[in-house]
Amino acid sequence: AAALPDGDASLRAQGPVGAGELAATVAYARKVRGRFRVGAGAKLVQERLGGAQDAGWAVDLGAAARVGPATVGLAARDLGPALEIGGARARLPARVTLGATLRRQEVGPLDVTAAAEATRLAGGRLVPAAGVEVGYWPVVGRTVAARAGVRRGVEGEGARVTLGGGMRWDRLSIDYAWQGLDGAGSGAAHRVGLTWR
C-alpha cells in the first residue's frame with residue numbers, strides 16, 4: 001500500500017487529474033491529577049483523486065506535563081486504517097511528535113515564548129523544528145500573537161521558514177500560517193485554523 005504524502009512538496013506538483021482532501025476533527029482534553037494534560041481527537045478524513053474518493057477515520061492522541069520551566073508533550077497523529085482510492089490502498093501519514101514549550105516571559109507589554117519539537121514521519125524520517133511567539137493582550141480574553149519558526153525540510157528540501165499570527169477572542173481562536181515552498185516561483189502554502197474552546 002502506498003502512503004499519502006506527509007510533506008508539503010506534493011502541494012506544488014501538478015498531475016493530470018485533480019486531487020483534494022478534507023478533514024474534520026472533534027477533540028477532548030482534560031487535566032489528570034492536576035499536573036498532566038491528556039487529550040484525544042477523532043477525525044473524519046476524505047481523499048479525492050480524479051473521480052475516485054474514499055472516506056475513513058483517524059485518531060490523534062496526546063499528553064503533556066510541566067517539567068521545570070517547560071511544558072513537554074508527546075503526540076501521535078493520523079492513526080487509522082488505510083483508504084482505498086481508485087483500487088489502490090493508501091496509508092494515512094501517521095506521525096509522532098515530541099515537543100517542549102518554555103514558560104511565557106513578560107517583556108514590557110509583551111509575552112514571549114519559544115518552542116522546539118522533533119517529528120518522526122511515517123517513513124522513519126526525523127524532522128526537527130523550532131519557533132518563537134510574541135503575544136499582546138490589552139484586555140483579558142483578547143490576545144493577538146505573531147509567530148516565526150524554522151524546520152528542516154524533508155527529502156532533500158532546504159530548511160523551511162514559517163510566519164504567522166493569531167487572534168483569540170474569549171473562546172474563539174483564529175490562526176494563520178504562511179510557509180514558502182522550495183524553488184523559485186514555487187509559491188507558498190497558506191493554513192488557516194478556527195478553534196472554539
Side-chain angles (χ1 to χ4, degrees), residues 3-27 41-50 53-56 58 60 62 73 75 77-78 83 85 90 92-97 99 101 110-123 125-137 142-197:
L4 294 171
D6 56 12
D8 298 315
S10 61
L11 293 175
R12 65 177 183 269
Q14 294 186 3
V17 296
E21 64 181 15
L22 174 69
T25 305
V26 176
K43 293 181 179 180
L44 172 65
V45 294
Q46 181 188 57
E47 294 287 335
R48 180 182 57 80
L49 182 61
Q53 65 178 13
D54 191 19
D60 295 344
R77 295 172 284 169
D78 297 322
L83 302 178
I85 306 171
L92 297 181
R95 67 198 84 176
V96 177
T97 299
T101 302
L110 305 177
D111 285 342
V112 180
T113 187
E117 69 176 36
T119 299
R120 184 184 184 276
L121 303 179
R125 295 177 305 234
L126 193 64
V127 180
V132 296
E133 178 184 276
V134 178
Y136 175 64
W137 51 285
R142 314 285 193 271
T143 304
V144 178
R147 304 179 184 105
V150 62
R151 72 171 177 82
R152 189 177 76 186
V154 297
E155 297 179 351
E157 299 169 350
R160 295 290 182 84
V161 174
T162 59
L163 301 172
M167 180 181 68
R168 181 175 178 184
W169 188 283
D170 294 332
R171 302 179 68 180
L172 177 66
S173 297
I174 302 173
D175 295 284
Y176 167 78
W178 172 93
Q179 177 178 296
L181 300 177
D182 280 354
S186 293
H190 304 270
R191 293 183 173 88
V192 178
L194 182 65
T195 305
W196 179 263
R197 302 179 191 274

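Each residue takes its place number in the sequence, starting with 1.
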Asker: Give the minimum heavy-atom separation between L44 and G56, together with the two atoms involved.
Answerer: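 Closest pair (atom of L44, atom of G56, distance): CD1-O, 3.4 Å.
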Asker: How far does CD of Q179 sit from NE2 of H190, to the nearest 0.5 angstrom?
Answerer: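 Between Q179 CD and H190 NE2, I get 10.5 Å after rounding to 0.5 Å.
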Asker: Of V45, I85, L49, which meets side chain to side chain contact (heavy atoms under 4.5 Å, CB included) against D54?
Answerer: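 By the side chain to side chain contact (heavy atoms under 4.5 Å, CB included) criterion, D54 pairs with just one of V45, I85, L49: I85.
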Asker: Hey, could you give me the CZ/CG distance between R168 and D175, rounded to the nearest 0.5 Å?
Answerer: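 One gets 10.5 Å once the value is rounded to the nearest 0.5 Å.
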Asker: Report the residues that fulfil side chain to side chain donor-acceptor pair (under 3.5 Å) with R142, sequence neighbours left out, ordered by chain and then residue number.
Answerer: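 R142 satisfies side chain to side chain donor-acceptor pair (under 3.5 Å) with D170 once adjacent residues are dropped.
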Asker: Given 3.5 Å as the limit, does a donor-acceptor pair link the side chain of R147 with the main chain of G165, or not?
Answerer: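 Side chain of R147 to backbone of G165: a pair is present.
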Asker: Please report the C-alpha distance between K43 and D78 in whole Å, then the side-chain angles of each, then the deciding distance to 0.1 Å, and finally whether the salt bridge (charged side-chain N to carboxylate O under 4.0 Å, His left out) criterion is met.
Answerer: CA-CA 8 Å; K43 293 181 179 180; D78 297 322; 2.7 Å; yes
Asker: Using the rule side chain to side chain contact (heavy atoms under 4.5 Å, CB included), only one of R125, R77, R120 pairs with R95; which is it?
Answerer: R77
Asker: Please determine whether side-chain contact (heavy atoms from CB on, under 4.5 Å) holds for the pair R151 and T162, giving the CA-CA distance in whole Å, both sets of side-chain angles, and the decisive distance to 0.1 Å.
Answerer: CA-CA 8 Å; R151 72 171 177 82; T162 59; 5.8 Å; no
Asker: Looking at L83 and A55, what are the two nearest heavy atoms and their distance?
Answerer: CD2-C, 3.8 Å
Asker: Return the set of residues passing side chain to side chain donor-acceptor pair (under 3.5 Å) with W137 (not counting sequence neighbours), or none when no residue passes.
Answerer: D111
Asker: Give the minimum heavy-atom separation between Y176 and V192, together with the two atoms involved.
Answerer: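 The answer is CD1-CG2, 4.0 Å.
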Asker: Could you tell me which non-hydrogen atom of T25 sits nearest to which non-hydrogen atom of G41, and how far apart they are?
Answerer: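 Minimum heavy-atom separation between T25 and G41: CG2-CA, 4.5 Å.
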Asker: Between L22 and Q53, is any pair of side-chain heavy atoms under 4.5 Å apart?
Answerer: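 Side chain of L22 against side chain of Q53, heavy atoms only: no contact under 4.5 Å found.
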Asker: Taking R197's backbone N and O only, do any of them form a donor-acceptor pair with R171's side chain (distance below 3.5 Å, no angle check)?
Answerer: yes
